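Just so it is clear, the structure is predicted and the values come from calculations on it, not from any experiment. Numbering starts at 1 and runs along the sequence shown.
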Amino acid sequence: QVQLVESGGGLVQPGGSLRLSCVASGNIFSFNMMGWYRQAPGKERELVAVITSGGSTNYADSVKGRFTISRDIAKNTIDLQMTSLKPEDTAVYYCNARRNARAYWGQGTQVTVSS
């Protein structure tokens with residue numbers, strides 16, 4: 001069973017920055033795709049950013065120019081650097097990984113943007 005564990009969530013003020021990390025039990029390059037989703041209260045879960053094993057990335061329009069997804073080989077993590085945070089970014093952020101048509105999820109980490 002693949003395990004994904006997120007960390008780095010917390011409370012930040014609008015305009016602030018936060019870095020989320022997702023460590024995988026398997027090598028991150030063994031997954032076809034890894035990424036981040038988020039779900040705000042009363043909202044559906046939405047894709048935030050994804051990265052393929054080949055390094056291609058895609059972002060939701062709402063976070064383009066503000067968020068960056070990357071891989072840290074030494075730590076075997078997928079990271080999400082978030083800048084210029086807005087109250088609308090408040091949500092539980094989930095790490096996702098896919099391999100051979102199977103999907104895996106982390107437990108989620110809370111990000112709250114508020115003054």
Query raised in the report: Given the rule in the side-chain contact (heavy atoms from CB on, under 4.5 Å) test, do Leu47 and Trp36 qualify, once you have shown the distances and angles that lead to the verdict?
Result: CA-CA 6 Å; Leu47 188 148; Trp36 291 90; over 6 Å; no
Requested in this report: Salt-bridge test for Asp61 and Lys64: reply yes if a basic N is under 4.0 Å from a carboxylate O, no otherwise.
Outcome: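 Yes.
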Mind checking whether [X] and [Y] sit in one hydrophobic cluster, side chains of I, L, V, M, F, W, Y counted as touching below 4.5 Å?
| X | Y | result |
| --- | --- | --- |
| Val92 | Val50 | yes |
| Val2 | Ile51 | yes |
| Phe29 | Leu4 | yes |
| Ile73 | Met33 | no |

Without swapping roles, check the side chain of [X] against the backbone of [Y] for a donor-acceptor pair under 3.5 Å.
| X | Y | result |
| --- | --- | --- |
| Arg99 | Ser30 | yes |
| Ser25 | Gln3 | yes |
| Glu6 | Gly108 | yes |
| Asn58 | Ala49 | no |
| Tyr59 | Ile69 | yes |

Could you pull out the closest heavy-atom pair between [X] and [Y], with the gap in Å?
| X | Y | result |
| --- | --- | --- |
| Phe31 | Ala24 | CE1-CB, 4.1 Å |
| Met82 | Leu85 | CB-CD2, 3.8 Å |
| Asp89 | Arg66 | OD2-NH1, 2.8 Å |
| Leu18 | Gly8 | CG-O, 3.4 Å |
| Val5 | Gln107 | CA-OE1, 3.7 Å |
| Ala103 | Asn96 | CB-ND2, 4.1 Å |

Query - Step-by-step side-chain contact (heavy atoms from CB on, under 4.5 Å) determination, Gln81 to Ser70 - result: CA-CA 8 Å; Gln81 178 64 49; Ser70 62; over 6 Å; no
Please examine the side chains of [Y] and [X], heavy atoms only from C-beta on, and report whether any two atoms are closer than 4.5 Å.
| X | Y | value |
| --- | --- | --- |
| Val48 | Phe67 | yes |
| Pro87 | Ser114 | no |
| Asn32 | Thr52 | no |

How far does [atom1] of [X] sit from [atom2] of [Y], to the nearest 0.5 angstrom?
| X | Y | atom1 | atom2 | result |
| --- | --- | --- | --- | --- |
| Trp105 | Tyr94 | CH2 | OH | 9.0 Å |
| Ser53 | Met34 | OG | CE | 11.5 Å |
| Thr112 | Gln13 | OG1 | CD | 13.0 Å |

**Report entry** Listed once per pair and sorted, the disulfide bond (SG atoms under 2.5 Å apart) pairs that draw on residues 30-84, sequence neighbours left out
**Finding:**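 Output for this query is empty, none listed.
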Requested in this report: Could you list all the disulfide bond (SG atoms under 2.5 Å apart) pairs where at least one residue sits in residues 32-78, not counting sequence neighbours?
Outcome: none
Query raised in the report: Without hydrogens or angle criteria, can the side chains of Arg38 and Tyr93 be said to hold a donor-acceptor pair below 3.5 Å?
Result: yes
Requested in this report: Taking atom types as modelled, find out whether Arg71 and Thr77 have a side-chain donor-acceptor pair closer than 3.5 angstrom.
Outcome: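 Note: Arg71 and Thr77 side chains miss the donor-acceptor criterion.
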Requested in this report: Go through the steps for Val111 and Leu20 under the test side-chain contact (heavy atoms from CB on, under 4.5 Å), then give the verdict.
Outcome: CA-CA 9 Å; Val111 172; Leu20 306 182; 4.0 Å; yes
Report task. Show your reasoning for whether side-chain contact (heavy atoms from CB on, under 4.5 Å) applies to Thr68 and Leu80. Result -> CA-CA 6 Å; Thr68 301; Leu80 184 69; over 6 Å; no
Query - All salt bridge (Lys or Arg N to Asp or Glu O under 4.0 Å) counterparts of Arg19, not counting sequence neighbours - result: Asp79
